[in-house]
There are 4 protein chains.
Amino acid sequence: MKLSEKKILKKKEEILLSAITIVNRKGYDGATMEEIAAELLMTKGSLYYYFKNKGDLMYQCHNLVLSQATKELEVNLNEEGTAEEILRKMVVTHINYAIEEKETFNLIIEPRQMFNEEQIEPVLKLRKHYSSLFDNVIEKGIATGEFHAKEPIIVRMIVLGAMNWIQQWYKPTGRMTKEELEQYFADYIIKLLK
Amino acid sequence: MKLSEKKILKKKEEILLSAITIVNRKGYDGATMEEIAAELLMTKGSLYYYFKNKGDLMYQCHNLVLSQATKELEVNLNEEGTAEEILRKMVVTHINYAIEEKETFNLIIEPRQMFNEEQIEPVLKLRKHYSSLFDNVIEKGIATGEFHAKEPIIVRMIVLGAMNWIQQWYKPTGRMTKEELEQYFADYIIKLLK
Amino acid sequence: MKLSEKKILKKKEEILLSAITIVNRKGYDGATMEEIAAELLMTKGSLYYYFKNKGDLMYQCHNLVLSQATKELEVNLNEEGTAEEILRKMVVTHINYAIEEKETFNLIIEPRQMFNEEQIEPVLKLRKHYSSLFDNVIEKGIATGEFHAKEPIIVRMIVLGAMNWIQQWYKPTGRMTKEELEQYFADYIIKLLK
Amino acid sequence: MKLSEKKILKKKEEILLSAITIVNRKGYDGATMEEIAAELLMTKGSLYYYFKNKGDLMYQCHNLVLSQATKELEVNLNEEGTAEEILRKMVVTHINYAIEEKETFNLIIEPRQMFNEEQIEPVLKLRKHYSSLFDNVIEKGIATGEFHAKEPIIVRMIVLGAMNWIQQWYKPTGRMTKEELEQYFADYIIKLLK
DNA sequence: AATGAATGAGGGTTCATTCAT
DNA sequence: TATGAATGAACCCTCATTCAT
């Protein structure tokens with residue numbers, strides 16, 4: 001890769017990070033190209049040098065966040081430990097993303113509404129892969145006898161839904177710390193699987 | 001109430017139902033006044049005879065759906081039966097709304113992003129009330145010894161989150177029928193509370 | 001004239017008075033048919049039974065106020081007294097209208113901008129007639145030797161302009177009472193003519 | 001100041017001049033953004049690159065004209081000569097604006113009706129300053145003994161009103177030339193002050 | 001690689017006007 | 001006579017997008 005290409009990639013990421021910030025605050029529709037550019041002391045015209053259009057930028061925001069979360073989850077999965085220990089780590093990872101990256105990590109957003117035809121497939125694939133990591137650990141637990149589940153898929157959906165929902169009501173100033181919350185969630189999730 | 005007022009109320013509801021359809025399909029931002037009006041063979045100007053502005057209309061869509069769901073839940077709560085029986089009914093009610101009224105029932109939508117200052121308070125109040133109905137049944141079960149929960153609030157959040165999440169992946173053509181799904185969900189939720 | 005016609009005329013005047021109030025407060029463009037009707041506990045549709053359209057209503061507002069002022073001025077003119085005494089009375093009359101009926105009496109409003117082709121002629125005629133009443137008294141004074149003026153028309157314009165301007169800065173709570181103001185104005189106007 | 005800033009300022013002024021033309025012809029309410037843009041062979045969207053909204057543009061039209069007139073008046077004031085000579089020049093300046101810039105120079109327009117809260121204060125300040133320049137010359141004349149006035153403020157108001165009124169009836173094709181008119185007006189105004 | 005400037009489509013909103021009842 | 005309801009044209013404004021420089 002040439003130096004100039006590297007530079008472009010770096011700039012792209014800068015823009016993405018800025019865009020993610022704005023989108024987390026204002027939502028996909030509420031975020032404007034102008035505002036995203038302003039955050040970086042650029043003009044909106046320049047964004048089009050790096051991204052084809054707004055849809056593309058939004059898509060890559062979602063992708064970046066989701067990919068990062070996926071990577072962390074994969075790290076969790078490959079660490080030593082019982083299925084329960086791994087699952088607990090994954091819960092912490094997911095909840096952190098759900099809280100810190102609100103909108104861009106928001107898996108509830110209807111992709112067919114937000115993204116165009118080319119983008120839908122990769123998004124769905126990524127989401128499916130992300131979900132499957134939870135399936136992995138559940139299956140592993142079942143295999144080792146740690147977990148029991150009549151319908152593991154349903155359990156995974158309950159787990160994901162419950163965790164995504166946190167962003168709706170979590171407040172840093174609330175009664176519980178994030179850590180306590182994660183603890184409780186993990187406990188209940190394990191309970192579902194025992 | 002005068003006849004004319006009844007008529008206007010009826011028309012308002014007609015519009016709301018139409019708007020709810022559109023919003024469920026396209027989201028709050030994606031829905032246009034023009035499209036909503038067209039669905040009713042009206043012109044968008046006419047909508048302003050019944051609603052102050054788009055924000056007002058969107059707000060009332062959300063309110064209507066949420067109020068209806070609340071009413072059904074309250075009926076469930078007042079019926080005879082054990083806490084478990086009641087909770088199972090409530091789960092069915094909620095899941096039905098989550099699936100059928102996707103966007104307008106979407107409790108995840110950030111109200112501070114979508115609604116204006118006057119609207120936020122009633123929305124939050126309504127949502128809080130809705131959630132509290134689940135608290136009621138959980139507490140009732142704990143009182144009768146049917147349920148056990150160290151942190152009932154957390155359980156309620158897990159329950160709500162899990163159910164709201166369904167709209168994300170449920171497909172009528174899927175492997176399970178809606179009824180089976182409801183059954184499984186209820187089972188797992190009860191398990192959390194035993 | 002039939003009774004029903006009389007009734008219509010009476011209602012028309014009611015509407016006009018209401019409209020005049022609104023227009024004085026909000027200006028011709030700022031006044032809406034809805035607001036005018038609301039003041040009378042009517043609906044805007046009803047206004048069209050009495051007036052062809054908004055332009056017509058606005059036109060008649062202006063006409064009514066101007067005609068009333070004209071009548072009062074004519075009364076002044078026909079009273080006994082020296083030209084100076086008459087002119088002083090007319091100044092009082094005019095200033096009262098300028099202050100109390102702000103917008104509708106506003107002779108500065110460009111008629112070609114506000115009124116349509118049919119309306120312009122009568123408006124201009126009325127305004128011209130109104131102005132001529134001041135010419136009358138000035139000429140009368142010149143004839144009796146009370147007044148002197150090289151260009152009586154110019155004087156009349158100065159007089160009218162000065163008086164119309166009052167509405168711009170007059171405040172009921174100001175340093176001078178309306179009566180003092182009228183006194184001073186009259187003094188200076190007489191001075192112009194001596 | 002950077003070159004780009006200069007350029008933008010120049011364009012802004014171009015737009016303002018165009019807008020002033022339209023407003024003088026159609027009034028503030030009658031002027032549309034579309035028409036203003038069309039005059040410059042632009043699209044209305046482009047206007048929003050230079051002005052926040054229509055209110056802002058209208059406000060700046062008024063401001064520009066009033067500021068220019070103020071500057072000219074100040075030049076008049078600082079020239080050599082007796083108070084009478086200065087006042088005569090000022091009368092000429094004012095009458096020219098009143099005739100040439102009709103609507104935008106129209107000091108009669110009720111600011112509270114036309115402008116928003118932020119704009120009102122500067123407008124009133126500017127108008128007050130403009131008026132005060134006439135006070136200055138009157139006071140100067142009184143100080144030197146050239147003029148006499150029991151209530152100089154009233155005189156100033158008569159003067160301003162009389163001059164603003166001109167735009168109402170002046171026609172280039174009339175009996176008198178603009179110059180004769182200015183001459184007569186000045187004569188009468190001086191007479192008021194002697 | 002970035003920008004300034006312009007565009008144009010589209011959306012929300014207002015409001016005078018109409019018309020059946 | 002009066003109204004309720006609907007219309008549609010006109011307007012302001014936003015914003016993603018383009019393109020010459």
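In the text below, chain A, chain B and the rest are named by the order of the sequence lines, each starting its count at 1. Everything quoted here is computed from the prediction, not taken from an experiment. Atoms considered below: every heavy atom in the structure, side chains included; atoms not considered: hydrogens, waters and symmetry mates.
- Shortest non-hydrogen contact noted between A:Glu103 and A:Asn24 is N-OD1, 3.1 Å.
- Rounded to an integer number of Å, the gap from D:Met42 CE to E:dA5 C1' is 8 Å.
- Looking at the side chain of D:Ile8, the nearest of the listed nucleotides E:dA5, F:dA5, E:dA6 is E:dA5.
- Of the side-chain N and O atoms in C:Tyr49, one or more sit less than 4.0 angstrom from OP1 or OP2 of F:dT1.
- In this structure, the nucleotide among F:dT3, E:dT7, E:dA6 sitting nearest to the side chain of C:Thr43 is F:dT3.
- Remark: A:Glu35 engages A:Lys26 in a salt bridge, criterion side-chain N to carboxylate O under 4.0 Å.
- Salt-bridge formation is detected for the pair D:Glu110/C:Lys102: a Lys NZ or Arg NE/NH1/NH2 atom is positioned less than 4.0 Å from an Asp or Glu carboxylate oxygen.
- Distance B:Glu5 CD to F:dT3 C1': 14 Å, rounded to the nearest Å.
- Between the C1' atom of F:dC12 and the CE atom of D:Met58 lies a distance of 12 Å, rounded to the nearest Å.
- Base pairing of E:dT17: its partner is F:dA6, meeting the Watson-Crick or G-U wobble criterion (both donor-acceptor distances under 3.5 Å).
- Look at E:dA1: it lacks any Watson-Crick or wobble partner with both distances under 3.5 angstrom.
- Note: NZ (D:Lys12) to P (E:dA5) measures 11 Å, nearest angstrom.
- Annotation for C:Glu39 and C:Ile22: closest pair OE1-CD1, 3.6 Å, computed over non-hydrogen atoms.
- With rounding to whole Å, A:Leu9 atom CG is found 15 Å from E:dA1 atom C1'.
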For nucleotides 15-21 of chain F, 5' to 3', base contacts (B), sugar-phosphate-only contacts (S) and non-contacts (-) with protein non-hydrogen atoms under 4.0 Å give SBBB---
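- With rounding to whole Å, D:Leu47 atom CG is found 10 Å from F:dC12 atom P.
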Using side chain to side chain contact (heavy atoms under 4.5 Å, CB included), reason through D:Met42 and D:Tyr50 one step at a time and then give a plain yes or no. CA-CA 12 Å; D:Met42 301 171 79; D:Tyr50 298 96; 4.2 Å; yes
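- Here B:Tyr50 lies in heavy-atom contact (under 4.0 Å) with sugar-phosphate atoms only.
- Computed from coordinates, the B:Asn116 CG to E:dG12 P distance equals 16 Å when rounded to whole Å.
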**Item:** Criterion side-chain hydrogen bond (donor to acceptor under 3.5 Å, both in side chains) on C:Ser18 and C:Thr21, from CA distance to verdict
**Value:** CA-CA 5 Å; C:Ser18 171; C:Thr21 307; 5.7 Å; no
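- Rounded to an integer number of Å, the gap from D:Lys26 NZ to F:dC11 C1' is 14 Å.
- Between C:Tyr28 and C:His62, the angle of the ring planes goes over 60°, which puts this pair in the perpendicular group of the 30/60° scheme.
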